[in-house]
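Quick one: this structure, given as structure tokens, is what I'll be asking you about.
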Amino acid sequence: MAGHFGDKKNHIVTGSSPVTTQVPHAAGIALAAKMKKQDFVTFVSFGEGSSNQGDFHEGCNFAGVHKLPVIFVCENNQYAISVPLHKQVAGKIADRALGYGFPGIQVDGSDVLEMYRVTKEARERAARGEGPTLIEMISYRLMPHSTSDDDMLYRTKEEVEQNRQKDGILKFKEYLMECGLWSEDQDRDLQERQKQEINEATKYADLAPYPKPEDTLLHVYAEGDDQ
Ligand SMILES: Cc1ncc(C[n+]2csc(CCOP(=O)(O)OP(=O)(O)O)c2C)c(N)n1
């Protein structure tokens, strides 16, 4: 989720562990931007499971009423841990936007360029003061939910392998190579640099001191004059 708080360079707010709390947070950040006349657009993503929680409704409804500059992206990867889509959602998630008074669009999440186009349009709409957009990106979770999840208890290897063929990263890599814009050598270099960056970040995190107990109250209350 991007906003003007948190890390100054990237404006990225740390994700929270309780799912869907980020949706009302995003609406709040977008409200602050509107009130302070700051020209940035907030972007927030969440899973299809999260879109069934109350926080999703409250955040979207508030953002719709106040025409806030926010983009809601639902990453519909077909599973909320072990629960498949058909046991969570009866209709179409993108259609829910209609009830909040803003557009909702379903996109093939493995189509990088289409995702870029739709997100850019949503950003321009928000920047013009026309309010939020809901983007439902259809995707598939190729990995287990977490290291403690045995996904073979609720889906088959065949299903995973079938979906692996549709992997958007591989499809986009092939497309760029066909256009002569990318090569296997560049790809290897990129992966090497990414590995190094992750290793350095892991080392940095391992060496970082634990926060002080009183830091839990940082940024909870507005700081102002004592009078
Ligand atoms: C409020 C809350 N309830 C339950 C959980 C446990 N939990 C962690 S991930 C998850 C499923 C989320 O599914 P989805 O929103 O589809 O996101 P995905 O993990 O597929 O990206 C649940 C229920 C949680 N973290 N927070």
Side-chain angles (χ1 to χ4, degrees), residues 1-3 6 10 12-30 42-64 70-97 99-100 102 104-112 114-116 118-119 122 132-172 198 205 211 216 219-220:
M1 176 168 69
N10 297 315
I12 295 172
V13 179
T14 318
S16 50
S17 194
V19 296
T20 336
T21 50
Q22 71 268 36
V23 175
H25 292 167
I29 290 171
T42 301
F43 174 101
V44 63
S45 65
F46 46 90
E48 83 291 340
S50 303
S51 76
N52 305 318
Q53 294 207 174
D55 275 351
F56 170 81
H57 167 68
E58 292 174 37
C60 285
N61 188 55
F62 191 86
V70 52
I71 307 170
F72 297 108
V73 175
C74 176
E75 186 186 341
N76 182 351
N77 66 7
Q78 316 299 315
Y79 287 94
I81 313 185
S82 58
V83 185
L85 185 67
H86 69 92
K87 287 193 180 162
Q88 317 170 43
V89 177
K92 190 166 144 190
I93 294 166
D95 288 349
R96 295 178 185 177
Y100 302 122
F102 53 81
I105 178 161
Q106 198 181 60
V107 186
D108 173 0
S110 73
D111 186 339
V112 175
E114 183 62 357
M115 267 309 294
Y116 178 76
V118 167
T119 311
T133 303
L134 171 65
I135 301 170
E136 177 189 1
M137 53 165 291
I138 306 298
S139 137
Y140 186 83
R141 197 194 70 212
L142 292 169
M143 307 287 285
H145 175 78
S146 67
T147 46
S148 60
D149 171 39
D150 179 1
D151 62 330
M152 289 298 109
L153 293 174
Y154 55 85
R155 61 181 184 179
T156 63
K157 242 189 196 136
E158 290 70 34
E159 183 190 304
V160 178
E161 286 318 311
Q162 255 169 24
N163 280 283
R164 202 180 297 284
Q165 313 305 318
K166 303 180 205 154
D167 185 340
I169 296 176
L170 296 182
K171 276 197 329 197
F172 194 52
I198 291 168
T216 48
H219 312 303
V220 173

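Both ligands and their constituent atoms are indexed starting at 1 by order of listing.
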Working note: E158 + E161, criterion side chain to side chain contact (heavy atoms under 4.5 Å, CB included); need CA distance, chi angles, decisive distance, verdict. CA-CA 5 Å; E158 290 70 34; E161 286 318 311; 5.8 Å; no

Determine whether any heavy atom of H145 lies closer than 4.0 Å to an atom of ligand 1. yes

So Y100 and F56, would you call those rings parallel, tilted or perpendicular, with 30° and 60° as cut-offs? perpendicular

With Y140, the side chain to side chain donor-acceptor pair (under 3.5 Å) member among Q78, Q162, E159: E159

Is there side-chain contact between R96 and C60, with at least one heavy-atom pair below 4.5 Å? no

Among D55, V19, V89, which residue places a heavy atom closest to atom 2 (C) of ligand 1? V19

Can you find a non-hydrogen atom of E75 under 4.0 Å from ligand 1? no

Nearest protein heavy atom under 4.0 Å from atom 24 (C) of ligand 1, yes or no: yes

Counting only heavy atoms closer than 4.0 Å, does ligand 1 sit against the backbone of S17, its side chain, both, or neither? backbone

In terms of heavy-atom contacts, does NE2 of H219 have more than 12 from other residues, nucleotides or ligands at under 6.0 Å? no

Considering only the protein, which heavy-atom contact is closest to atom 6 (C) of ligand 1, and what is its distance? I81 CD1, 4.7 Å

For a 4.5 angstrom cut-off between non-hydrogen side-chain atoms, does P84 reach Y154? no

How close does the nearest protein non-hydrogen atom get to atom 17 (O) of ligand 1, and which residue and atom is it? G47 CA, 3.6 Å

Out of all atoms in ligand 1, which are within 4.0 Å of some heavy atom of N77? Include the element for each. 18 (P), 20 (O), 21 (O)

Are any of the N/O atoms in G49 less than 3.5 Å from those in ligand 1? yes

When only distance counts, is S50 in polar contact with ligand 1, meaning an N/O pair under 3.5 Å? yes

Pick out which of N76, I135, I138 makes a side-chain contact (heavy atoms from CB on, under 4.5 Å) with V107. I135

So, 4.0 Å and heavy atoms of F46: is ligand 1 close enough to count as a contact? no

Exercise: identify the closest heavy-atom pair between D55 and V23: O-CG1, 3.9 Å

Flag Y79 as yes when one of its N or O atoms lies below 3.5 Å from any N or O atom of ligand 1, and as no otherwise. yes

